[in-house]
Novice: 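Please see the structure below; I have some questions.
In the text below, chain A, chain B and the rest are named by the order of the sequence lines, each starting its count at 1. Below, all heavy atoms of this structure are taken into account, side chains as well, without hydrogens, waters or symmetry copies.
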There are 2 protein chains.
Amino acid sequence: MDNLDRGIIDLLRQNARASYGDIGGSVGLSASAVKRRVDRLVADGVIRGFTIQVDPTVDGYNTEAYVELFCRGTVAPDELLRILSGVPEVVDAGTVTGSADAIVHMRARSIPALEDALERVRIAPNVDHTRSAIVLSRLIHRTHD
Amino acid sequence: MDNLDRGIIDLLRQNARASYGDIGGSVGLSASAVKRRVDRLVADGVIRGFTIQVDPTVDGYNTEAYVELFCRGTVAPDELLRILSGVPEVVDAGTVTGSADAIVHMRARSIPALEDALERVRIAPNVDHTRSAIVLSRLIHRTHD
DNA sequence: GATGCCACGGTCGAGGTTGTCCATTCGATC
DNA sequence: GATCGAATGGACAACCTCGACCGTGGCATC
């Protein structure tokens with residue numbers, strides 16, 4: 001993981017369909033050297049996958065909320081992970097400092113779908129209550145990884 | 001935007017480097033028909049770009065926080081966008097319902113870098129104060145788009 | 001029903017890209 | 001300086017891309 005790798009990753013982040021030759025031209029390697037490095041980065045798990053960014057307003061998943069999760073007693077992160085991984089509307093979540101135990105970013109196709117997903121989070125035995133902030137307008141969505 | 005387009009998008013989400021021929025084999029089109037549709041989807045802005053998912057622990061950007069933004073008076077979303085787009089550590093942000101004006105998801109290489117980025121958000125003239133929740137452990141990170 | 005138009009798909013071929021081979025270079029070690 | 005390993009660049013066949021061209025079907029107009 002040297003500067004060449006980082007350069008390749010930066011270029012692939014901008015355009016995952018760039019040819020190895022073009023990438024090599026930018027970082028100063030031949031196409032075959034770039035391919036070897038990319039293959040290694042994928043094998044090592046540094047590059048997790050090649051994907052596309054889709055306009056969220058088009059694919060319909062444009063109803064979002066940030067939800068603070070408050071649990072009863074102490075809940076292990078593993079336990080929270082088990083609860084949340086069963087709800088596909090959860091885009092992003094982490095345990096946090098502060099009064100809430102976790103913050104959960106949810107995305108659904110509609111307010112009812114969001115409400116339904118929220119309900120599935122709330123019925124988990126350890127969840128005491130939640131506090132939601134519905135997203136009114138999306139300002140930034142840097143889709144880094 | 002029909003079922004063929006949706007199928008192509010799903011396949012590209014899984015592997016943005018799949019060849020047009022392979023995609024066509026899965027959705028039942030020729031390679032050129034797939035290319036035409038992909039080109040159209042890109043031109044129409046449905047597909048915003050081709051990118052890679054990078055292990056966040058490897059690229060070093062693994063210090064995160066959710067920040068509630070409280071503004072003085074009423075602030076237009078455009079104004080917030082202008083403020084936040086100048087801070088690259090802002091991954092995701094939206095105006096929200098509730099007492100805060102916006103929620104901002106930030107990611108940096110270290111706590112000092114996060115603090116610095118937060119400071120750059122706070123010095124904006126309209127920002128009254130912020131309330132941060134530092135992410136302790138990342139639970140979910142579905143990197144859909 | 002005939003006509004023109006348009007959107008869409010398939011086929012084809014030139015040119016570019018990928019993936020694999022091998023010789024070479026570079027640096028470290030003995 | 002000899003040897004080894006890791007990485008590179010170049011060569012080449014197989015594959016893919018991408019534009020040009022043509023055929024088909026839907027649809028409105030005459």
Novice: A/R36: what forms a salt bridge (charged side-chain N to carboxylate O under 4.0 Å, His left out) with it, not counting sequence neighbours?
Specialist: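 Testing A/R36 for salt bridge (charged side-chain N to carboxylate O under 4.0 Å, His left out), a comparison that skips the adjacent residues, returns none.
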
Novice: So does A/R138 pair up with B/D92, basic N to acidic O under 4.0 Å?
Specialist: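 Answer for the salt bridge query: yes.
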
Novice: Specify the separation, in whole Å, of atom CG of A/L4 and atom C1' of D/dT8.
Specialist: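 A/L4 atom CG is separated from D/dT8 atom C1' by 11 Å.
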
Novice: Evaluate the side chain to side chain contact (heavy atoms under 4.5 Å, CB included) criterion for residues A/F70 and A/V75: first the C-alpha distance (whole Å), next the side-chain angles of each, then the deciding distance (0.1 Å), finally the verdict.
Specialist: CA-CA 10 Å; A/F70 298 85; A/V75 175; over 6 Å; no

Novice: Check nucleotides 17-24 of chain D for protein N or O atoms closer than 3.5 Å to its own N or O atoms and list the pairs.
Specialist:
{"from": "D/dT17", "atom 1": "OP1", "to": "A/R17", "atom 2": "NH2", "distance (Å)": "3.4"}
{"from": "D/dT17", "atom 1": "OP2", "to": "B/Y20", "atom 2": "N", "distance (Å)": "2.9"}

Novice: Would you call B/R6 and B/D2 a salt bridge, taking side-chain N to carboxylate O under 4.0 Å as the test?
Specialist: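 Not counted as a salt bridge, because no side-chain N and carboxylate O are separated by less than 4.0 Å.
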
Novice: Side-chain heavy atoms under 4.5 Å apart, restricted to Ile/Leu/Val/Met/Phe/Trp/Tyr: what other residues fall into the cluster of B/Y66, or is it alone?
Specialist: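 A/Y66, A/V96, A/I103, A/V135, B/V96, B/I103, B/V135, all in the cluster of B/Y66.
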
Novice: Residues in salt bridge (charged side-chain N to carboxylate O under 4.0 Å, His left out) with B/D5, at least two apart?
Specialist: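 So B/D5 forms a salt bridge (charged side-chain N to carboxylate O under 4.0 Å, His left out) with B/R37, B/R40.
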
Novice: Is a salt bridge present between A/R120 and A/E89, judged by a nitrogen-to-oxygen distance below 4.0 Å?
Specialist: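 Between A/E89 and A/R120 there is a salt bridge, with a charged N closer than 4.0 Å to a carboxylate O.
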
Novice: On DNA chain C, reading 5' to 3', which nucleotide is the first and which the last to sit with an atom under 4.0 Å from a heavy atom of chain A, could you check?
Specialist: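 Footprint of chain A along DNA chain C, 5' to 3': C/dT17 to C/dC21.
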
Novice: Using a 3.5 Å cut-off and no angle test, enumerate the donor-acceptor pairs between side-chain atoms of residues 77-86 of chain A and protein atoms at least two apart in sequence or in another chain.
Specialist:
{"from": "A/E79", "atom 1": "OE2", "to": "A/R82", "atom 2": "NH2", "distance (Å)": "3.0"}
{"from": "A/E79", "atom 1": "OE2", "to": "A/N126", "atom 2": "ND2", "distance (Å)": "3.1"}
{"from": "A/S85", "atom 1": "OG", "to": "A/L81", "atom 2": "O", "distance (Å)": "2.8"}
{"from": "A/S85", "atom 1": "OG", "to": "A/R82", "atom 2": "O", "distance (Å)": "3.3"}

